[in-house]
Amino acid sequence: MTTLVIIDAANVIGSVPDGWWRDRLGAAERLRDRLARDGVPGRSDPLELVLVVEGAARGLESVPGVRVDTALGSGDDRIVELVADTEEGRPCLVVTADRELRRRVGELGAEVAGPRTVHGRS
């Protein structure tokens, strides 16, 4: 079964002080493109990648290999909704460093991992 990987774009982007705050949409686009190109390093199982964006990153389009899901409100709340809507028994991994979000999705049965999972840095 394909693992659903939900990436908290704002949190992952914000974990690296590379000037992302000057161009949030551009930073989200770079993350999306890297995910489309590289997938999730170290994972060879079939994955469905969902990048959840919010705020200034709204308007980012999906590309082959990465579905972009735009949160109308809180990105964290949208991630929780996606996890809750995952079919029973389907593996789900949420990539974020946000402690509260990790707790919320963990209670729903999702595996959690930090930003280094997708970009090799914490």
Indicate the atoms forming the closest heavy-atom contact of [X] with [Y], along with that distance.
X	Y	answer
Asn11	Ala97	OD1-N, 2.6 Å
Asp77	Ser74	N-OG, 3.1 Å
Ala71	Glu54	CB-CB, 4.2 Å
Arg58	Gly73	NH2-O, 3.5 Å
Ala9	Leu51	CB-CD1, 3.5 Å
Ala57	Leu25	O-CD1, 3.5 Å

**Asked** Considering residues, nucleotides and ligands other than Arg99, do more than 12 of their heavy atoms fall under 6.0 Å from its CZ?
**Response**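 Open.
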(Q) Ile7 vs Leu35, test: side-chain contact (heavy atoms from CB on, under 4.5 Å). Steps then yes/no. (A) CA-CA 10 Å; Ile7 300 107; Leu35 289 166; 3.9 Å; yes
Non-hydrogen side-chain atoms of [X] and [Y] separated by less than 4.5 Å:
X	Y	answer
Leu49	Arg67	no
Val5	Val50	no
Val112	Val105	yes
Thr3	Pro46	no
Val94	Arg102	no
Cys92	Glu111	no
Leu93	Leu4	no
Val12	Thr96	no

| field | Cluster link Val68 to Val52, ILVMFWY, side chain under 4.5 Å | value |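 No: no chain of side-chain contacts under 4.5 Å links Val68 to Val52.
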Hydrophobic clustering (ILVMFWY, side-chain heavy atoms < 4.5 Å, transitive) - are Leu47 and Val83 grouped together?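 No; Leu47 is not reachable from Val83 via cluster members.
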Could you give the distance from [atom1] ([X]) to [atom2] ([Y]), rounded to the nearest 0.5 Å?
X	Y	atom1	atom2	answer
Asp98	Ser15	CG	OG	12.0 Å
Glu81	Thr86	CD	OG1	11.5 Å
Ile6	Asp69	CD1	CG	8.5 Å
Met1	Asp45	CE	CG	12.5 Å

Would you mind checking if Arg103 and Glu100 are paired as a salt bridge, meaning a charged N to carboxylate O distance below 4.0 Å?
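Yes, Glu100 and Arg103 are salt-bridged.
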Closer than 4.0 angstrom, basic N to acidic O: yes or no for Arg78 and Asp76?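 So Arg78 does not pair with Asp76 through a salt bridge.
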- Checking side-chain contact (heavy atoms from CB on, under 4.5 Å) for the pair Arg90/Glu48: CA distance, chi angles, key distance, verdict? CA-CA 11 Å; Arg90 181 178 188 192; Glu48 176 186 353; 2.6 Å; yes
Check: With distance as the sole test, does Arg32 use its side chain to make a donor-acceptor pair with the main-chain N or O of Leu60 at under 3.5 Å?
Finding: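 Pair absent, no side-chain N/O of Arg32 close to backbone of Leu60.
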message = Under the side-chain contact (heavy atoms from CB on, under 4.5 Å) test against Asp8, which residue among Val53, Ile13, Ile79 passes?
response =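 Exactly one candidate clears the test, Ile79.
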task = Kindly determine whether Asp33 and Glu29 satisfy side-chain contact (heavy atoms from CB on, under 4.5 Å), including the steps that lead there.
result = CA-CA 6 Å; Asp33 293 350; Glu29 184 176 2; 3.8 Å; yes
